[in-house]
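Contents: one structure, followed by commentary.
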Amino acid sequence: MGNQGAKILTHASAFFMPFLVPIAMFIVSKMSMHDELVERTAIQAVLFQLVMGVLISISAFFSVFLIGIPFLIGFSIMWVVVPILGIIQTLNGGHYEYPIVRSFM
């Protein structure tokens, strides 16, 4: 699997195996491909899923007080849209950086 296919699979895994596939792609890339972009994409995908999971959980807790409902809606939309943007960017030949976790790396 090429560089582009590995990155697309990593982005798309958010919809079916958000942690397993990026970790597997990171390990495969370290062992055989040695592609830093695939490794960076895999790490960002896992971090993005973790951060969004925490943000959605906190928003769900505060939605009991009606404060978290707008955040819950916004983060839920972001959780779906961001991986799709990553797939589109990669299909167009670019490299996509996840918006929340790019500053951590």
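Residue D35 holds its CG atom at 9.5 Å from CE of M25, rounded to the nearest 0.5 Å. Between atom CD of residue Q44 and atom NE2 of residue H11 there is a gap of 8.5 Å, rounded to the nearest 0.5 Å. Rounding to the nearest 0.5 angstrom, the gap separating the OG1 atom in T41 from the CG atom in L9 is 11.5 Å. Between atom CD1 of residue I8 and atom OG1 of residue T90 there is a gap of 6.0 Å, rounded to the nearest 0.5 Å. Between atom NZ of residue K30 and atom CD of residue E36 there is a gap of 8.0 Å, rounded to the nearest 0.5 Å. In this structure, CG in N3 is found 9.5 Å from NE2 in H95, a value given to the nearest 0.5 Å.
Grouping the Ile, Leu, Val, Met, Phe, Trp and Tyr side chains by contacts below 4.5 angstrom, directly or via other members, places I77 with L85. Hydrophobic clustering keeps I87 apart from F16 (ILVMFWY residues linked when any side-chain heavy atoms are closer than 4.5 Å, directly or through intermediates). When the side chains of ILVMFWY residues are joined at heavy-atom separations under 4.5 Å, either directly or via intervening members, V82 and I43 end up in a single hydrophobic cluster.
Ring geometry for F48 versus Y98: interplanar angle of 30 to 60°, hence tilted.
For residues 78-93, no pair satisfies salt bridge (Lys or Arg N to Asp or Glu O under 4.0 Å), with sequence neighbours left out. Legend: side chain to side chain donor-acceptor pair (under 3.5 Å) pairs involving residues 61-84, not counting sequence neighbours, sorted by first then second residue: Q49-W79.
Looking at every heavy atom in both residues, A42 comes nearest to P22 through CB-O, 3.2 Å. For A45 against T10, the heavy-atom pair with the smallest separation is CB-CG2, 3.8 Å. Residues P99 and M78 share a closest heavy-atom pair of CG-CE, 3.9 Å.
Listed by chain and residue number, E39 satisfy the side-chain hydrogen bond (donor to acceptor under 3.5 Å, both in side chains) test with S29 (two or more places apart in sequence, or in another chain). Qualifying side-chain contact (heavy atoms from CB on, under 4.5 Å) partners for I84, counting only residues two or more places apart in sequence or in other chains: F15, V80, I88. The side-chain contact (heavy atoms from CB on, under 4.5 Å) test applied to L66 returns I69, not counting sequence neighbours. In terms of the side-chain contact (heavy atoms from CB on, under 4.5 Å) criterion, residue partners of L20 (sequence neighbours excluded) are, by chain and number, M17. Partners of F71 by side-chain contact (heavy atoms from CB on, under 4.5 Å), not counting sequence neighbours, listed by chain and number: S59, F75.
Grouped by direct or indirect side-chain proximity (heavy atoms under 4.5 Å, Ile/Leu/Val/Met/Phe/Trp/Tyr only), M31 sits with F19, I23, I27, V46, L50.
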